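A short write-up of the structure that comes next.
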Protein chains: 2
Amino acid sequence: MRFTSAVSSGKSLGEQAYETIRDAIITLRLEPGQTIYENELADSLHISRTPIRDALQLLVSERLVDILPQRNKQVAYISELKVKESSFVRLSLESSAFRLAAGDWRETERYAKAEKQIGRLLREQGEAAEQQDVVEFLRLDEEFHRCILQLAGNETLLEVVYHMRGHLNRFRYLAMKELVLTESLVHEHEELFERLKKRDENGVVKLLEHHLGKLDSEFPRLREQFPGYFKD
Amino acid sequence: MRFTSAVSSGKSLGEQAYETIRDAIITLRLEPGQTIYENELADSLHISRTPIRDALQLLVSERLVDILPQRNKQVAYISELKVKESSFVRLSLESSAFRLAAGDWRETERYAKAEKQIGRLLREQGEAAEQQDVVEFLRLDEEFHRCILQLAGNETLLEVVYHMRGHLNRFRYLAMKELVLTESLVHEHEELFERLKKRDENGVVKLLEHHLGKLDSEFPRLREQFPGYFKD
DNA sequence: CTGAGTATACGTGTATACAAGTATACAAGT
DNA sequence: ACTTGTATACTTGTATACACGTATACTCAG
């Protein structure tokens with residue numbers, strides 16, 4: 001397995017390795033169940049085992065990597081339970097965040113900035129859907145939700161949701177592997193933002209539930225199509 | 001700083017170190033702002049730097065340890081913002097968990113077991129309060145909430161809440177350092193459990209808000225009393 | 001006496017070396 | 001042929017050695 005070497009920056013090698021490996025797992029370039037050899041990764045990324053181990057430990061704590069003690073590690077199988085649990089946590093937190101934000105952010109400068117950015121994101125997402133660019137679409141989706149959450153101004157919450165999204169997005173990547181992108185997803189985002197602006201809490205929560213819950217129906221199909229990727 | 005060496009078990013040295021250090025931070029035996037030297041910890045625990053670094057990295061990811069790149073690490077200052085953010089996340093998740101559990105667990109065996117355990121915990125907590133045993137009280141508090149959450153059966157959620165509780169409990173330890181334990185806290189738990197049994201969702205959420213929100217009022221007093229512990 | 005500049009000490013970040021445990025393959029006995 | 005025991009290979013877990021970067025203290029010039 002070959003990776004494009006990460007860019008040099010202020011980050012430590014361990015951090016870079018973390019991001020690289022995590023991305024590879026979520027985009028399924030490292031397949032669920034595949035065994036991971038620290039030496040192999042170290043060679044691929046042209047660094048030693050130490051930062052690799054640093055990265056892997058973080059991924060273990062996120063449950064994206066499983067550990068067979070004294071034997072080896074493997075990228076975690078996709079677990080329907082884990083995906084649903086993550087989805088539940090995320091739904092709970094995003095809903096709460098909306099309720100929290102519903103109060104007083106309408107006039108702030110932060111809001112003005114966010115509104116502009118969200119408009120841009122929605123447009124770009126439309127283009128990505130048109131071109132069936134799954135990777136870009138999911139990246140923009142990520143950014144959209146992130147942007148919305150930032151309005152609530154709770155960094156801790158944001159971080160937790162980020163972790164939950166790891167498991168969810170991996171599943172979505174799998175779903176998107178053979179699912180065509182529709183404009184409807186973009187429209188859901190647009191409507192979400194509309195209701196948010198109108199402070200329609202219940203509407204927002206309901207939409208979120210629908211938006212995030214749609215995945216559930218995909219499990220049987222994907223289980224059948226990628227039997228080796230699932231476990232539980 | 002001296003630690004009692006962790007018990008031998010199936011856990012790796014890194015895991016043991018993690019638990020030991022985390023506990024020391026939360027119980028304030030390692031003070032907020034105190035700089036951490038990997039060598040020092042390694043000597044204290046009679047192991048090498050490697051497992052220490054493993055443990056510290058996890059604590060960094062929990063924001064219980066801050067990192068000054070290429071300089072040193074320090075146990076994170078108590079941040080009012082962080083505590084409140086964690087509190088918010090926890091409240092959101094516990095509330096959702098109650099709503100989730102409100103459905104169909106009343107008849108399950110799991111529930112029967114939990115009810116017995118909760119009864120025991122409430123009793124023991126009463127005794128701990130009587131004897132002003134802060135450490136034991138908080139441990140039982142932890143177990144109480146954990147037990148309640150397990151009824152919802154969402155491991156992922158449980159884990160997130162566990163992390164949030166790290167920051168909250170540290171603050172509570174500080175508060176308890178000179179606050180007398182009252183029976184009222186135990187009564188709050190009892191009432192919480194009563195309303196849970198009655199499926200009084202709104203009542204549960206309201207009680208939780210009160211139960212978890214009480215900390216807010218403590219900030220000014222503690223800030224004044226332990227100025228060196230706070231930062232933000 | 002003060003401030004800039006250099007040298008030194010110290011701690012982390014990274015690499016490598018070593019130890020310990022598990023699985024596999026091979027051999028020997030039944 | 002099959003089972004059981006032993007040896008070997010391989011990977012992780014841990015320890016140690018090295019490199020890099022920051023801070024501090026000292027020196028020397030003004």
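Only heavy atoms go into these numbers, but all of them, side chains included; no hydrogens, no water, no symmetry mates. Source: prediction; values computed, not measured.
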Salt bridge (charged side-chain N to carboxylate O under 4.0 Å, His left out) filter on B:Asp216, not counting sequence neighbours, yields none
For a quick check of understanding: with a heavy-atom distance under 4.0 Å over all strands, which category does B:Ile36 fall into, base, sugar-phosphate or nothing? sugar-phosphate
Kindly state each residue pair satisfying side-chain hydrogen bond (donor to acceptor under 3.5 Å, both in side chains) with at least one member in residues 72-82 of chain A, sequence neighbours excluded. A:Glu38-A:Lys73, A:Ser79-A:Asp232, A:Glu80-A:Lys84, A:Glu80-A:Arg223, A:Lys82-B:Thr156
For atom CD of B:Gln16 and atom C1' of D:dT14, their distance in whole Å: 13 Å
Run the salt-bridge test on A:Glu62 and A:Arg22 with the 4.0 Å N-O cut-off and return the result as yes or no. yes
Show me the dot-bracket string of DNA chain C, counting Watson-Crick or G-U pairs under 3.5 Å, with | for pairs to another strand and [ ] for crossing ones. ||||||||||||||||||||||||||||||
Could you pull out all residues at least two apart from A:Arg120 that satisfy side chain to side chain contact (heavy atoms under 4.5 Å, CB included)? A:Gln117, A:Arg123, A:Glu124, A:Glu143
note: A:Leu41, atom CG; D:dT11, atom P; distance rounded to Å ~ 12 Å
Nearest heavy-atom neighbours spanning B:Leu151 and B:Ala114: CD2-CB, 3.7 Å
When the distance from CG of B:Leu45 to C1' of D:dT14 is rounded to whole Å, what number comes out? 14 Å
To the nearest angstrom, how far is A:Leu56 atom CG from D:dT12 atom C1'? 11 Å
Just to verify, what does B:Glu136 make a side chain to side chain contact (heavy atoms under 4.5 Å, CB included) with, not counting sequence neighbours? B:Ala128, B:Asp133, B:Arg139, B:Leu140
Output the rounded distance in Å from CD (A:Gln57) to P (D:dT14). 10 Å
Take atom CG of B:Asn72 and atom P of D:dA23, then tell me their distance rounded to the nearest Å. 10 Å
Can you see which heavy atom on A:Asp141 is nearest to which on A:Arg165, and at what distance? OD2-NH2, 3.4 Å
Integer-rounded Å distance: D:dT12 C1' and B:Glu15 CD: 13 Å
Less than 3.5 Å apart, any donor N or O on the side chain of B:Arg63 or B:His163 sitting next to an acceptor on the other? no
Taking every non-hydrogen atom, the tightest pair across A:Ala152 and A:Ala97: CB-O, 3.7 Å
In the 5'-to-3' direction, what one-character label does each nucleotide of nucleotides 13-22 of chain C receive under the scheme B = base within less than 4.0 Å of a protein heavy atom, S = sugar-phosphate only, - = no such atom? BBBBB---SS
Just the rounded figure in Å: distance from P of C:dC10 to CD of B:Glu40. 14 Å
